[in-house]
Amino acid sequence: MENRLRIKTILMEKPLGRELCVQGWLKSKRDSKGLSFLDLTDGSTLAGLQVIAPESLPNYATEITRLSTGCSVSARGTLVASPAKGQEVELQSSEITVYGWAPPETYPLQKKRHSFEFLRSIAHLRARTNSLGAVARVRSRLSWAIHLFFQQRGFFQVHTPIITTSDCEGAGEMFAVTALDLEKIPRAGGGAVDYSQDFFGRPASLTVSGQLEAEAYALALGNVYTFGPTFRAENSNTSRHLAEFWMLEPEMAFCDLEGDMNLAEELLKFLISDCLENRAEDMDLFSRFVDKDLLKRLDNVLRHDFVRISYSEAIRQLEKSGRSFTFPIAWGVDLQSEHERYLAETLFGRPVIVTDYPETIKPFYMRLNDDGKTVAAMDILFPGIGEIIGGSQREERLEQLLARMEAAHIPLENYQWYLDLRRYGTVPHAGFGLGFERIIQFVTGMGNIRDVIAFPRTPGSAILA
RNA sequence: UCCCCGGUAGCUCAGUCGGUAGAGCAGGUGGCUGUUAACCACCUUGUCGGCGGUUCGAAUCCGUCCCGGGGAGCCA
């Protein structure tokens, strides 16, 4: 295959007069007298390269005139300064090879804007559009930036298992994993499913969190993070939920809640500024066509320290707000969306970290505070999207952990390994979870989470690939 | 899962009081032009989301299911 130059490189370096070859897909074609203008994109960058196809090309009449949006071609020629407005440089082609046609009668993408809803129905083709291509590039950059951030700080990535046999992780409904023939399920006495005949000899599920396993490695390597697919079988039909999504979960030994918050705030700011710096062109597209206030909102996050407020203080602020909320405010009740929005959007107008929630509304692994009523938890609330991070200092004291697990009716026999972490060389540690698609949503301004993942899986929908 | 709104041409949508459908864009043909959301003229396109019901007659009214949007719950 001919050695090609990527369009991003060409537009950056503008090697005028040089003979080169580009390969990509046609965004549009405009015919003129004696020549055609081809708008070529190869995915390396948002902008396309204008290719001039003169009618002197041997295949001009037979092929070039038949080209349409979506066709794939290879173009060889000389890069020249463009005499017309709209682009600095263009490729004066001397040879164009057509790889694949895209019959315009059936090719779903047109030379115009499509609704995200429609594009979702052609998920295998939508990355060829400007906006979804930009999302894909930003997603890739954010993923890389996460690794950069943690690797620079001496964190080790741990690949925690996708399949888990901890049958009660307490983070929602789980997808069962089985090799049993569902038409002939083996039954034990009493009619219960006989899992001893299943692949693992016991019930198994797709993971809803890698946190507990990450804790084990944090208590060996110090600072670790897991970053991978996570599954929830919740019947959640919203623009913020997926059945399969990616979650980042750092876990730090010898770390308390404050250190946890500091890292989370630093991370979020790093990710945002990294995208602004390294995907400026795509970010510009989002700010022009997806969300006009995007850059202002991102800048607002970068400029300010996050507000840090205890749950109890948040309740007091809500009580004296004078607002009438649909859900009543009372100490001990979890904050509702409307409450979180009031705090982050109305009262403070910037990200808010709410800490020290009542222990009754938080999971068993969160560390009990000295007041005996609250736990060392923290939720980061962003204006516009609500909770983006949930984290805590973990309960490292065996006795207290056992008490909370028993109160929550956690089957201890499945968690002996977790308790071992407290029996042997326990240390204070903390961590948090960041929904990867949610940070992509925030950074891009995309309204629906299904449009920031390549092939979204949601209740009733797992189309394609 | 709950509440509200929607599903009509390839796409985005209009369709009044129930009388079996339109526009723009796309596509096709021709013309024009260093064009860039190209332009001008003409032409084509429909199981009106599925199923059932009311009616002489249903895109329109009723029921139900599916899908999508907004909000809520759950959460990341």
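We name chains A, B, ... by the order of the sequence lines, and we start the count at 1 in each one.
Within the 4.0 angstrom heavy-atom criterion, no nucleotide atom of any strand lies near A/D39. A/L248 comes within 4.0 angstrom of no nucleic acid atom, judged by non-hydrogen atoms across all strands. Using a 4.0 Å heavy-atom distance criterion, A/H114 is classed as a sugar-phosphate-only contact. A/G34 comes within 4.0 angstrom of nothing in the nucleic acid, heavy atoms only.
When the C1' atom of B/rC75 is taken as reference, atom CG of A/L335 falls 14 Å away, rounded to whole Å. Rounded to a whole Å, the CD atom of A/E117 is 14 Å from the P atom of B/rG49. Atom NZ of A/K29 is separated from atom C1' of B/rC39 by 15 Å (rounded to the nearest Å). Taking atom CD on A/Q110 and atom P on B/rA38, their separation rounds to 12 Å, with Å as the unit. With rounding to whole Å, A/F118 atom CZ is found 17 Å from B/rG69 atom C1'. Between A/R128 atom CZ and B/rC11 atom C1' there is a gap of 18 Å when expressed in whole angstrom units. Atom CD in A/E338 sits roughly 12 Å away from atom P in B/rC74 (whole-Å rounding).
Across B/rA14 and B/rU44, the matching P atoms stand 25 Å from one another, rounded to whole Å. When the C1' atom is used for both B/rU55 and B/rC62, the distance is 12 Å, rounded to whole Å. One P atom belongs to B/rG19, the other to B/rU12, and the distance between them is 26 Å to the nearest Å. Distance noted for atom C1' between B/rG27 and B/rC4: 38 Å (whole Å).
Side-chain atoms of A/E340 and A/Q336 form no donor-acceptor pair, as typed in the model, at a separation below 3.5 Å. Neither side chain, A/E359 nor A/T374, offers a donor N or O lying under 3.5 Å from an acceptor on the other.
Here B/rC51 sits opposite B/rG63 as a Watson-Crick or G-U wobble pair (both hydrogen-bonding atom distances under 3.5 Å). B/rU16: no Watson-Crick or G-U partner with both key distances under 3.5 Å is found in any strand. With a cut-off of 3.5 Å on both Watson-Crick or G-U wobble distances, the partner of B/rA21 is given as none. Across all strands shown, B/rC32 remains unpaired; no Watson-Crick or G-U wobble contact has both distances below 3.5 Å.
Residue A/R120 places no side-chain N or O under 4.0 Å from the OP1 or OP2 atom of B/rC67. The side chain of A/S337 contributes an N or O atom lying less than 4.0 Å from OP1 or OP2 of B/rG73. Within the structure, a side-chain polar atom (N or O) of A/R30 is placed less than 4.0 Å from OP1 or OP2 of B/rA38. Between A/R240 and the phosphate of B/rG69, there is no side-chain N or O to OP1/OP2 separation shorter than 4.0 Å.
Aromatic ring centres of A/H304 and A/F348: separated by at least 6.0 Å.
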**Asked** Which letter, B, S or -, goes with each nucleotide of nucleotides 28-34 of chain B from 5' to 3', with contact meaning a protein heavy atom under 4.0 Å?
**Response** S----BB
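Checked by distance alone, A/S236 brings a side-chain donor or acceptor within 3.5 Å of a matching partner on the base of B/rC74.
Evaluation of the ring-ring contact (aromatic ring centres under 6.0 Å, His included) rule for A/F231 yields no partner, not counting sequence neighbours.
The pair A/R18-A/E13 fails the salt-bridge criterion, with no side-chain N (NZ, NE, NH1 or NH2) lying under 4.0 Å from an Asp/Glu carboxylate O.
Interatomic distance, CG of A/L368 versus CG of A/L401, reported as 11.0 Å (0.5 Å rounding).
A/R153 forms a cation-pi arrangement with A/F149, by the criterion of a distance under 6.0 Å to the ring centre and an angle within 45° of the ring axis.
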**Item:** Steps toward salt bridge (charged side-chain N to carboxylate O under 4.0 Å, His left out) verdict (A/E313, A/R308)
**Value:** CA-CA 10 Å; A/E313 178 59 23; A/R308 300 189 184 191; over 6 Å; no
**Request:** Using the salt bridge (charged side-chain N to carboxylate O under 4.0 Å, His left out) rule, take A/R297 and A/D291 through it: C-alpha gap first, then chi angles, then the decisive distance, then the call.
**Result:** CA-CA 10 Å; A/R297 203 166 49 247; A/D291 180 355; 2.6 Å; yes
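Ranked by how close their nearest RNA chain B nucleotide is to the 5' end, A/N237 and A/P459 are led by A/N237. Comparing A/N448 and A/R113 by the nucleotide of RNA chain B that holds the closest heavy atom to each, the one mapping nearer the 5' end is A/R113.
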